Each structure stands twice: as C-alpha cells, then as structure tokens.
> 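Mind looking over this structure? Questions follow.
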2 protein chains.
Amino acid sequence: MADSTLKQIAKELSLSVSTVSRAINGKSVVNADTKKRVLELAEKYSYTPNEVARSLQKCSTETVAVVLPDISENFFGTIVKEIDSAVSKEGYMLLLADTHERADKENKYLDMLYKRQVDALVLATVDIDGASSARFRNGGKPVIFIDNVPKAENIDAITIDNKKASFMAVEYLKSQGHKNIATIIGSKEETTGAERLEGYRDALKKLCLSENEDLIAFGDYKRESGYIAMKKLLENRENAPFSAVFVTSEKMTYGALDAIKEASLSVPEDISLIGFDVHERYKGGHKIASIRQPEEEIGKLVGKQLLSKLKNQNADGEHILLEPLLYKGDTVKAV
Amino acid sequence: MADSTLKQIAKELSLSVSTVSRAINGKSVVNADTKKRVLELAEKYSYTPNEVARSLQKCSTETVAVVLPDISENFFGTIVKEIDSAVSKEGYMLLLADTHERADKENKYLDMLYKRQVDALVLATVDIDGASSARFRNGGKPVIFIDNVPKAENIDAITIDNKKASFMAVEYLKSQGHKNIATIIGSKEETTGAERLEGYRDALKKLCLSENEDLIAFGDYKRESGYIAMKKLLENRENAPFSAVFVTSEKMTYGALDAIKEASLSVPEDISLIGFDVHERYKGGHKIASIRQPEEEIGKLVGKQLLSKLKNQNADGEHILLEPLLYKGDTVKAV
DNA sequence: CCTTTCTTTGCAAACGTTTGCAATTCTTAT
DNA sequence: ATAAGAATTGCAAACGTTTGCAAAGAAAGG
C-alpha cells in the first residue's frame, strides 16, 4: 500500500515502466484502455510520484530558496507569505533559512541550498560584495535580492528607494517645524544602511537643515543597538541638541523608545520620533510614525519575477525601486 | 568549473566513481595518497555533492516540512525561527508552506510535501480528524502538531494548556472585579478553539460567575471576524451586559479593538479587554493585556523533539502541555 | 616460496524517474 | 493481399549518488 512505485504498478499489469510513466504523466499518447488500467491501479495503491527521483532526472527541484536575517519580523514574514502564495501556484515550494543576520550562517545555508539544487534564490543578504550568492548567479539560477543589494554586475533586486525613504522622513519632520534631526542608522557597511544615511544627508542639505555628525548614531538593526544608540544621542544632547529622531529599522525603533522612556522623557512631548517598518496593529493605541516598505507589494513582485525568470532565463539584471510609504502617527509633534 | 560530478573527477584521475565517493565521504578507508589527490581535484573543481541524488539513494532528504496557517504572524514566525535554528545544526532544512488557514490549501501542500519525501512534518493544522497528515504518520514519519491537535491515536503535539489559558484570563478578570465576562472564540470546530471555550466555561463555573450563552461570540481567527463578533456583542449589550471581554486570538483582538473604537467606547474605561498572543513591542505605549504562548519555548521543544524522533523512530505519541503566560497590560481596569 | 591476511580498488546494482529510439501491432488504403 | 502509415509499447540509458561484494595487490607469517 504505502509508497508504491512505477515499477510495482508495471509489474502487476505486465507493462513496462515507461508505459506506466507515460500513462500517469499524460504527456505522451497511451492506449485509452491501458491508461485506464494504470490509473485505476495507481489510485488503488495511492501511488505518489517520487519528486526526488524526478528532480534528479529533470535537473530541477521546483524549489525556491528564501534566505532572510529574521523570519520572525513581520516585514519578512509578509514577504515570505506572498512569495509562497505566488510560486506555489506553479508547483514550487519554499526552502527557508534564517541567518540571524550573520554572514557565517548565511554562507552555511547557501551551501546547503546549493547542494540541494534549488532552482532559484531570494536573498536578504548581509554580504556586501555578493560573493555568497555568486555560485547561484554564475550557475544561471535566478537570484533576487530584497533589502541589501550587493555591488556587482547584473543583479536582480526589488527594494524600496531607500534614499527617498530618508528624504520623506526628514521632509516630514521639517514640515512639522523640526530643525535639528538626529538619526540612527543600521549599518553603513551595507547598501541599505548606507543609502538611508546618504538620503538623510542629502535631505538635510536640500532642505537647508543643519548638519551635525554628532547627530548620527549607528546600530546593527537589533533592538538592543537602537537602545544603545539612542542613549548615546541623549547623553550628548547638550552638545548636539535635537528635537526629532529618525530611526531606520523596526527593532531599533523599539530600542530607541526604550531608551527614551528610561531617560524619563516622553514621545512626542520631549522628542519626536519617526521609525521604520513599524506596524500599528492596534488602531486605538499609540501610533508610531513610520516610514514603511510596501512588503506585500514587494513579496508579490518577487514572486512574479521569480516565475518569469524561472520560465525564461532571459534578461539582464534589473533593480526595481518601489516607493516607500509615510505613515504619520502620533509620535511626531509640531514645534 | 561549475557543477562537477564524481564521475568527472573519477575519470580525470582514472579512478572508479566509488573510490572517489569514498574518498570524499571519508566513511570507508581509502589510500591516503589517492584521497589527497581526489580532495585536491574536488577542491579545484569546487565539487558540490548533489543532495538530490544522495537523497534518492538514502531515502532521506534531510528536510523538515513546516505547514502553518499564517507565517506573517509573529507567533508562527518565532516558532519557525527556533525550529530552523535547532534542526539546521544537524543538517536539516525547512520546507515552508502557508495555508492561509484553508483546508484545501493544507491538503495541496501536504501532497506536494509528501511527494518531495520530507523526513518529518510540523503542522499547525486546520484539519480536525488528522486525515491530511495520516499518510505521513502511517509512513512512519515524525509529525508534530502545534496549535490544533487532531483527535486521533498516537499523536505527537506540543501546545499550551488551552483550558488553563482561558481559566487564567477569566480568573484575572474576576480578580479585578469583573462579573460579566464575554468571550470571542476562534472556532469551536477545532481543538484549540473548543478547549479555550471549554476552559472559559469551566472557569465561570468554578469561579461562580454568571454564565450566559449570549456572551459567547465566534469568529475564525481573522481580524475581520473579531471586529464582527465584537460588534455583535456590543449591539446586544443591553440584553447581555458585560464589563470585560476575553478575545482568544491576536488578530481577532485587534479586530475587537477596532469595533470598540468604532462604537466610540474606550478600553479600559468602558470595557476591559484581555487578548491572546498579543505582543507589546513598544514598552512606552498602550499595553494590551494578553494570554500568551511561550512561542520560543514551543519552537525549541519542537526542534528538539524532531531531532530525537528523526534519530530513533521510537516512542508513542506524546502531547506536551506548556504553561500559558499572563501579561497584565493596561487594558483591564478594576471595577 | 606458498599461504594467509589486510589494504585498496572496482564492478554493478540500486534508488525512482524520464525519454529518445526502436520494435511491435493494428489500421487502412491500394 | 500487401504495403504504408499510425498507434502503442518496450528497451535502455540517463540523472548522481551509495554500498555490498569481489577482485587484485601488497604485506606478512610460516
């Protein structure tokens, strides 16, 4: 009963394996009667094709790898959900890996995934030069970057316009009368962080706001680092005063808020704050102003691009830039 | 360069494929010198074993399927992260599927996963009798249920004690002086919902609180359904008054809060509320009181159990019950 | 020097499919 | 009745591994 194979069915019906295979797959013509007999027996034995064997033969596993720094983040969870939704319609499944934002784990996972012959890769990398994914790209496997985009030739990526995101945040704060705006950046080593920083600087210039290197603090995207960075900014506030802060990741935003609370200050009375990727679930509660990425749209687009690339290995690399969204909450006060 | 095989290496060194295989795998004894030559050439060609072929031969894919209703929920995201963390240490990877809480999708995915010969399955099912997973269990593959537990023999599951969870919520509300407590249940068809309902009823009895069927509303775990259920409760409030409500899922909690806000009522002034699986990220903000599942612990335990079951197909089914957690927020007022 | 034992290697089957080609049978038209 | 063509089926190789068994060779013991 359990786990019958083509061979068993063939034997029982005195047919060859190939005929049984053809009857079941229906690509090739088979006699209507034999087809019926095969199908009936397959049904009776609840035959299940072994995809592993098929993959070996076809050189395709119908599997897409998704490698992310933190699946428990809503941002990535939503993206994964949309990708799954899109590609599963065409029979693909997702192999998922959570790198905990660590390059060594990323490499280890990409290794395992390469061995497993995945057909394509979606990657939120912590690797700047794209070395970790080079094998896939050279092997002609579609690789789509979300979040960080390595500096290499012919890269496919779908991200928001990070410079614009910073600009929108700064512009909004200025429109509310803020003149001294601090920021907490995730990492200037990675493209995402670097671009947000660049966007912040450009915005200050373009909007004629005072620039001050002491108003720029760095973290590593984790909550704790947001807390530390904010604390540092606050301790130095006499030298480098500011009325608003732009925190460039969700977890760091919560960390920054922790630090503000700990310093017995309130938002937005003492400090205005705008975060990144912060979702307000409770409509009645405290709403954190935030720049947000359209994660559903990103996920859907990634899914679509994946399918298209998997069909036709065509096309040069293309970096699709999406518009960031500005959510005005109640953590920014007009001054 | 790209994608060399054992055969190629064997040919170039005038060896047999088996020797090369043995040299690389190191299980069997090979002459030290030939081993060195093989390893060098493998390095040069950056040989990568084809896991698909290996899986076919070994009848094991070193892959665990994780099937969930909604990966974008923090609860499931955290669980997946922990499972990945645990099993990847032993070389396993996760195939992920998001069922959108739909039985037909669940079936489709389980089908695909079965064909792909996954070694084990972690399942948050919407299927009550366990039929969807029967193939896996009969095939001797470890299956661990989280969330809903089907009513069948010899089931492995790791969940919180749902009846106790309800009891804790009701007890807490009573301790704050509430006498008429409404509830919104996800689904009485599934074990999780049924147990939470049962726990609610038991608690009312045991704590000598008034029971009233009109104070029980049903949803389907989605936000919208929480909104509708709460609206219904509110509309009927004259007939069936209540001062507090216990909402038994995260998304329904947000929906219920939406409805309360829409009715121009406030929490906790007009209605006290305690939710389920609600996480407060912003420590300074409005904190929603909530029963919570220790999701990290669940994930870690699932990972551990998986590895143990994958090693020794021993043991009868075992339902591990964990303690729910009570987080007192500021959405419950003493009356 | 012959037998025994150990080391090293290769052969070949197996895992479960797919698929090009050839062989067989059945139609059908001349 | 016979040839041509179409329909159906089977053979065998291929995908890239692993592994039991046997063969060959080397070392060692008598």
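The figures here come from the full heavy-atom set of this structure, side chains too, leaving out hydrogens, waters and symmetry mates. Residue numbers start from 1 in every chain, and the chains themselves are labelled A, B, ... in the order their sequence lines are given, proteins ahead of strands. Everything numeric here is computed off the predicted structure, so don't read it as measured data.
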> Between which nucleotides of DNA chain C, read 5' to 3', does contact with chain B run, using atoms under 4.0 Å from its heavy atoms?
dT8(C) to dG16(C)

> Which part of the nucleic acid, if any, lies within contact of Thr5(A), taking any heavy atom under 4.0 Å across all strands shown: a base, the sugar-phosphate backbone alone, or nothing?
sugar-phosphate

> Is there a side-chain contact between Leu39(B) and Ile24(B) in this structure, where contact means two heavy atoms from C-beta onward sitting under 4.5 Å apart?
yes

> Tell me which one of Val118(A), Val64(A), Thr63(A), Val66(A) satisfies side-chain contact (heavy atoms from CB on, under 4.5 Å) with Leu113(A).
Val118(A)

> For Asn25(A) and for Thr19(B), locate the closest nucleotide of DNA chain C by heavy-atom distance; then report the residue assigned to the nucleotide nearer the 5' terminus.
Thr19(B)

> Could you please spell out the steps behind the salt bridge (Lys or Arg N to Asp or Glu O under 4.0 Å) verdict for Lys309(A) and Asp156(A)?
CA-CA 10 Å; Lys309(A) 300 254 165 193; Asp156(A) 279 294; 3.0 Å; yes

> Answer yes or no: are there more than 12 heavy-atom neighbours, outside Lys304(A) itself, under 6.0 Å from its atom NZ?
no

> Any base atoms under 4.0 Å from Thr34(A), or only sugar-phosphate, or nothing? Heavy atoms, all strands.
sugar-phosphate

> Salt bridge check, Asp70(A) against Lys81(B): does any charged N sit closer than 4.0 Å to a carboxylate O?
yes

> Under the side-chain contact (heavy atoms from CB on, under 4.5 Å) rule, collect the residues that match up with Lys58(B), sequence neighbours excluded.
Arg54(B)

> Do the side-chain N and O atoms of Glu296(A) and Thr78(A) include a donor-acceptor pair separated by under 3.5 angstrom?
no

> When the nearest nucleotide of DNA chain C is assigned to Val17(A) and to Val20(B) on a heavy-atom basis, which residue is associated with the more 5' position?
Val20(B)

> Could you state the CG-P distance from Leu13(A) to dT9(D), rounded to the nearest angstrom?
11 Å

> Whole angstroms only, please: what is the NZ-P distance between Lys35(A) and dT8(D)?
11 Å

> If you fit an axis to the five pairs at each end of the helix from dC1(C)-dG30(D) to dT30(C)-dA1(D), how big is the angle between those two axes, to 10 degrees?
60°

> With a 4.5 Å heavy-atom cut-off, do Val126(B) and Arg102(B) have their side chains touching?
no

> On DNA chain D, compare the nucleotides closest to Leu56(B) and Arg22(B); which residue's is nearer the 5' end?
Leu56(B)

> Taking the basic N atoms (NZ, or NE/NH1/NH2) and the acidic carboxylate oxygens, is any pair closer than 4.0 Å for Arg135(A) and Asp111(A)?
yes

> Identify whether any heavy atom of Thr48(A) sits under 4.0 Å from a base atom; if not, whether one sits that close to sugar-phosphate; answer base, sugar-phosphate or nothing.
sugar-phosphate

